[in-house]
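The first residue in the sequence is number 1, and the count goes up from there. A quick note: this is a predicted structure, and the numbers were derived from the prediction, not measured. FYI, side chains are in, hydrogens and waters are out, and symmetry mates aren't considered; it's all heavy atoms of this structure.
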Amino acid sequence: QVQLVESGGGLVQAGGSLRLSCVVSGRTFGNNAMSWFRQAPGKEREFVAAINWSGGWTSSADSVKGRFTISRDNAKNTLYLQMNSLKPEDTAVYYCGASRSSSWIGPGRARLISEYDYWGQGTQVTVSS
C-alpha cells in the first residue's frame, strides 16, 4: 500500500518561505509523475508543480513559476516543494500526489489531477498579509 505523508506547512508572512516535504513509502516507483496540488477554501484542487520520479523533468503552474521549485530525493523517497516569495493567495491545503502509472505520462498529463491515484493527507499553508 502506497503512503504519502506531507509536512512543513505553517503560518508565514507575505514574502516569506516554506519548504514542504512528502515522504513516500509502500512501493518502489519507476518513472511515476509526482506532483503538488493545492486547494483553497471553496475552490477546486489545482495543479502547482510536477516532476517525474527518475528523470527530474519539472513543470509548474504559471501562478507559482519563479517562486516555487519542485524537487525529489530518490534515496530518501521524498518529494519537496520549496516556496519562496509567498503571497496571501498561496494560502491553501497542499497535497502531494503520485501517478498510478509507473511509466512517464508526459508533461501534459502530469498536470492533470485525474492521473493521480495516490494522495497524502495534506498540509496547511497560511500566508498573512
Side-chain angles (χ1 to χ4, degrees):
Q1 177 152 351
V2 176
Q3 278 196 313
L4 288 76
V5 179
E6 302 101 333
S7 62
L11 174 63
V12 64
Q13 287 189 330
S17 298
L18 284 173
R19 187 175 82 155
L20 306 183
S21 300
C22 173
V23 178
V24 183
S25 62
R27 63 175 277 189
T28 301
F29 285 107
N31 202 13
N32 297 63
M34 303 293 295
S35 65
W36 290 96
F37 282 72
R38 67 186 181 186
Q39 188 165 18
K43 295 188 177 181
E44 293 189 349
R45 195 172 296 190
E46 65 174 5
F47 172 76
V48 175
I51 189 169
N52 65 323
W53 191 246
S54 64
W57 170 92
T58 65
S59 178
S60 57
D62 288 345
S63 59
V64 305
K65 204 161 287 185
R67 300 187 298 122
F68 292 10
T69 303
I70 188 172
S71 63
R72 85 275 186 260
D73 184 332
N74 292 7
K76 295 182 178 180
N77 271 7
T78 302
L79 179 72
Y80 301 101
L81 184 69
Q82 178 66 45
M83 305 187 296
N84 299 327
S85 302
L86 282 160
K87 304 175 181 180
E89 51 263 44
D90 295 318
T91 295
V93 178
Y94 284 71
Y95 298 90
C96 67
S99 66
R100 74 179 70 87
S101 173
S102 58
S103 300
W104 177 229
I105 57 178
R109 290 170 60 187
R111 301 166 73 96
L112 301 177
I113 194 171
S114 58
E115 294 292 337
Y116 296 89
D117 270 2
Y118 307 105
W119 294 97
Q121 82 287 353
T123 185
Q124 175 71 47
V125 172
T126 303
V127 184
S128 63
S129 56

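- Note that the CH2 atom of Trp104 and the OG atom of Ser99 stand 8.0 Å from one another [nearest 0.5 Å].
- The heavy-atom pair separating Phe47 from Ser59 by the smallest distance is CZ-O, 3.8 Å.
- For the atom pair Ser7 OG and Tyr94 OH, the distance stands at 15.0 Å (nearest 0.5 Å).
- If you chain together hydrophobic residues whose side chains sit under 4.5 Å apart, Val48 and Val12 fall into the same group.
- Atom NZ of Lys65 sits in a crowded spot, with more than 12 heavy atoms from other residues, nucleotides or ligands closer than 6.0 Å.
- Put simply, CD on Gln82 and CG on Leu18 are 8.5 Å apart, with the number rounded to the nearest 0.5 Å.
- For Gln124, the CD atom counts as densely surrounded, since its 6.0 Å shell holds more than 12 non-hydrogen atoms of other residues, nucleotides or ligands.
- Ser102 approaches Asn32 most closely through the heavy-atom pair CA-OD1, 3.3 Å.
- In this structure, CZ on Arg111 lies 7.0 Å from OG on Ser60, to the nearest 0.5 angstrom.
- Linking Ile, Leu, Val, Met, Phe, Trp and Tyr residues whenever their side-chain heavy atoms come within less than 4.5 Å places Val64 and Val125 in a single cluster.
- The shortest distance between side-chain heavy atoms of Ile113 and Trp119 falls below 4.5 Å.
- Listed for the Arg72 side chain is a donor-acceptor partner under 3.5 Å among the backbone atoms of Trp53.
- Of all heavy-atom pairs between Ala110 and Ala50, the closest is O-CB, 3.8 Å.
- Counting all heavy atoms, side chain and backbone alike, Arg38 lies closest to Ser63 at NH2-OG, 3.6 Å.
- Linking ILVMFWY side-chain heavy atoms closer than 4.5 Å, directly or via other members, places Ile51 and Phe68 in a single hydrophobic cluster.
- Without hydrogens or angle criteria, Glu6 side chain to Gln121 main chain gives a donor-acceptor distance under 3.5 Å.
- Taken from CD in Gln1 to OH in Tyr118, the straight-line distance is 9.5 Å, to the nearest 0.5 Å.
- A donor-acceptor distance shorter than 3.5 angstrom exists from the side chain of Thr91 to the backbone of Val127, with no hydrogens or angles considered.
- For the side-chain contact (heavy atoms from CB on, under 4.5 Å) criterion with Met34, the lone passing option out of Val24, Asn52, Ile70 is Val24.
- Cluster annotation: Phe37 is not connected to Leu81 through the hydrophobic network of ILVMFWY side chains, with a link wherever side-chain heavy atoms come within less than 4.5 Å.
- Rounded to the nearest 0.5 angstrom, Leu20 CG and Tyr95 OH are separated by 13.0 Å.
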Stepwise side-chain contact (heavy atoms from CB on, under 4.5 Å) check, Met83 with Arg67: CA-CA 6 Å; Met83 305 187 296; Arg67 300 187 298 122; over 6 Å; no
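- Nearest heavy-atom pair across Asp90 and Ser85 is OD2-O, 4.4 Å.
- Contact record, Ala92 with Ala40: CB-N, 3.8 Å, taken as the closest heavy-atom pair.
- Transitive grouping of hydrophobic side chains (ILVMFWY, heavy atoms separated by less than 4.5 Å) brings Val93 and Tyr116 into a common cluster.
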